[in-house]
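Some notes on the structure that comes next.
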Amino acid sequence: MNAMPRSEPPAGPSSMTRRSRSASLPPSSRRPRVAVVFGGRSGEHAISCMTAASVLRALDRSTYDVVPIGITTRGRWVLAPDEPARWELADGRLPEVGDDEGPTVLVPLEAGSRTLTVLEPGQVPRALGEVDVVFPLLHGPFGEDGTLQGLLELADVRYVGSGVLASAAGMDKHVMKLLLAAQGIPIGDHLLVTARQWERDPESVRADVEELGYPVYVKPSRAGSSLGISRVKGPADLDAAVEAARRHDPRIVVEAEIEGREIECAVLESADGGPPATSLPGEIEVGSAYEFYDFEAKYLSGETVRLSCPADLPDDVVHRVRDIAARTFEALGCEGLARVDFFVRPDGSVLVNEINTMPGFTPISMYPRMWQATGLSYPALVDRLLQLALHRRTGLR
């Protein structure tokens, strides 16, 4: 019998006293220092900046000492301006961490050393102070996929969200589906296409897709924000769709189209070791201007896409969605937060589409909106995630 997910908003920080920990917490004489890390090398750089703008606005400066750190598209870490408006979408302009944004930041690589160092041209390196917790607001490869999490683990630095394995598995759509299917969680039909398969034997790939049945969705296996996704109605369009996906990732997945409503559910780790809490589900309804919920529909469409929280679903379907969301979170060993995306078919059956271990986090993003509908405000949610991370043990767990 699976443990039932919690339906109520999680309790406050006082419920965390039973958490074990190894690396020391900040002394009570100062505020915890939070490094908000955003930008990065993936195609979701701008979305990460937009997420950071919202989190920077929401952080209680009387509770936390905040250090914004941007990562450029080339991978340089910089001390970024603490100016939320600088990182927002404005007049159709996607924000970006520029190479000249600020001085270089060196992050600790030695266990027990949590001090940030700032390098400025012609100046002696200066210590910025210890970081107590990192809020890694990176989306996509080189950040959300376990790479940044591994870097932080090396130095015993606490951080918000899932660890190395869950982050990597959640980022790779094929691996994620394999792990979920192995634990009896329902998923749709799909196949993996590797770079070697496509380059050496494309005819075999075409035959496999034909067997899967058109229409299909061709996706980068390790990308988010609907980058590189194509809906393919027949064989004539397959090659172009594969190449579009390969611009983002040499590993791609091809998924059979599923008739159903697109439903999402937010999950939040329990502070006391119990089952994770789940939000009321939300629904995405894409207007006729878009074939599916692609990048433009998500971020540039205005009112074309309707996001409903809570979704208008029968009680038994809501129960099923929340139960499977919690099971998915635990099946991958997630920590902190995740958003689980579903298809609810006309007969009421539920399939998991994917999990996002660092979902979009602007106030209008589905993850915080679903928690708002469940009774947890955006600032309280940000605080909750930081408290979970601050009281998490470091090292193997």
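- The two residues Pro220 and Lys173 have their closest heavy-atom pair at O-NZ, 3.4 Å.
- Of the possible donor and acceptor atoms, one in the side chain of Thr72 sits under 3.5 Å from a partner among the backbone N and O of Arg74.
- Panel note: side chain Gln183, backbone Leu180; no donor-acceptor pair is recorded below 3.5 Å.
- In this structure a side-chain-to-backbone donor-acceptor pair under 3.5 Å is missing from Tyr214 to Val209.
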Notebook entry, point to check: Going through the checks in order, is the side chain to side chain donor-acceptor pair (under 3.5 Å) test met by Tyr378 and Gln372?
Noted result: CA-CA 7 Å; Tyr378 188 96; Gln372 180 76 44; over 6 Å; no

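- Defined by atom type and a distance below 3.5 Å, a donor-acceptor pair is missing between the side-chain atoms of Ser48 and Thr51.
- Listed for the Asp145 side chain is a donor-acceptor partner under 3.5 Å among the backbone atoms of Gly143.
- Applying the ring-ring contact (aromatic ring centres under 6.0 Å, His included) rule to pairs touching residues 61-91 yields Phe38-Trp87, sequence neighbours excluded.
- Between the side chain of Gln197 and the backbone N or O of Thr194, at least one donor-acceptor pair lies under 3.5 Å.
- Between the His45 side chain and the Gly40 main chain, a donor and an acceptor come within less than 3.5 Å of each other.
- Enclosure of atom CG in Asp316 by more than 12 non-hydrogen atoms of other residues, nucleotides or ligands within 6.0 angstrom is indicated.
- In the hydrophobic clustering of ILVMFWY residues, with side-chain heavy atoms under 4.5 Å counting as a link, Met171 and Val254 come out apart.
- The minimum heavy-atom distance linking Lys233 with Arg231 is given by the pair CE-NH1, 3.2 Å.
- Using a 4.0 Å cut-off between a side-chain N of Lys or Arg and a carboxylate O of Asp or Glu, Asp249 and Lys219 do not qualify as a salt bridge.
- Atom CG of residue Leu268 and atom CE of residue Met370 lie 11.5 Å apart, to the nearest 0.5 angstrom.
- For Ala240, there are no side-chain contact (heavy atoms from CB on, under 4.5 Å) partners, not counting sequence neighbours.
- Within a 6.0 Å sphere centred on CG of Asp239, other residues, nucleotides and ligands contribute more than 12 heavy atoms.
- Annotation for Glu211: atom CD does not count as buried by contact number, only 12 or fewer foreign heavy atoms lying within 6.0 Å.
- Not a single donor-acceptor pair under 3.5 Å links the side chain of His139 to the backbone N or O of Gly39.
- By the 6.0 Å contact criterion, CZ on Arg196 is open, its count of non-hydrogen atoms from other residues, nucleotides or ligands being 12 or less.
- Proximity of a side-chain donor or acceptor of Ser42 to a complementary backbone N or O of Glu44 within less than 3.5 Å is detected.
- Residue Met366 holds its CE atom at 6.5 Å from CZ of Arg369, rounded to the nearest 0.5 Å.
- Residue pairs satisfying the salt bridge (Lys or Arg N to Asp or Glu O under 4.0 Å) criterion with at least one member in residues 357-367, sequence neighbours excluded, are absent.
- Annotation for Ala46 and Leu94: closest pair CB-CB, 3.7 Å, computed over non-hydrogen atoms.
- Considering every non-hydrogen atom in both Cys334 and Ile355, the closest pair reads SG-CD1, 3.7 Å.
- Atom CD of Glu257 is separated from atom CG of Leu212 by 11.0 Å, given to the nearest 0.5 angstrom.
- The residues Arg206 and Asp208 are annotated as not salt-bridged, no charged nitrogen and carboxylate oxygen being separated by less than 4.0 angstrom.
- The two residues Pro95 and Arg86 have their closest heavy-atom pair at CB-O, 4.1 Å.
- A distance-only check finds a donor-acceptor pair linking the side chain of Tyr367 to the backbone of Val267 [under 3.5 Å].
- In the model, Thr104 has a side-chain atom that pairs as donor or acceptor with a side-chain atom of Arg76 under 3.5 Å.
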Margin query: Walk me through whether Glu335 and Arg397 qualify under salt bridge (Lys or Arg N to Asp or Glu O under 4.0 Å).
Written below: CA-CA 11 Å; Glu335 297 170 278; Arg397 53 189 182 275; 2.7 Å; yes

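- Side-chain rings of Phe135 and Tyr159 stay apart, their centers remaining 6.0 Å or farther from each other.
- Annotation for Met358 and Leu138: closest pair CG-O, 3.8 Å, computed over non-hydrogen atoms.
- To the nearest 0.5 Å, atoms CZ (Arg384) and CG (Leu337) are separated by 12.0 Å.
- One finds no salt bridge joining Arg57 and Glu83 here, because no Lys/Arg side-chain nitrogen approaches an Asp/Glu carboxylate oxygen to under 4.0 Å.
- Asp132 and Arg158 are not joined by a salt bridge, as no carboxylate oxygen comes within less than 4.0 angstrom of a charged side-chain nitrogen.
- Tracing side-chain contacts under 4.5 Å through hydrophobic residues (I, L, V, M, F, W, Y), one never reaches Phe343 starting from Leu191; they form parts of separate clusters.
- The closest donor-acceptor contact from the side chain of Thr394 to the backbone of Asp156 lies at 3.5 Å or more, if one exists at all.
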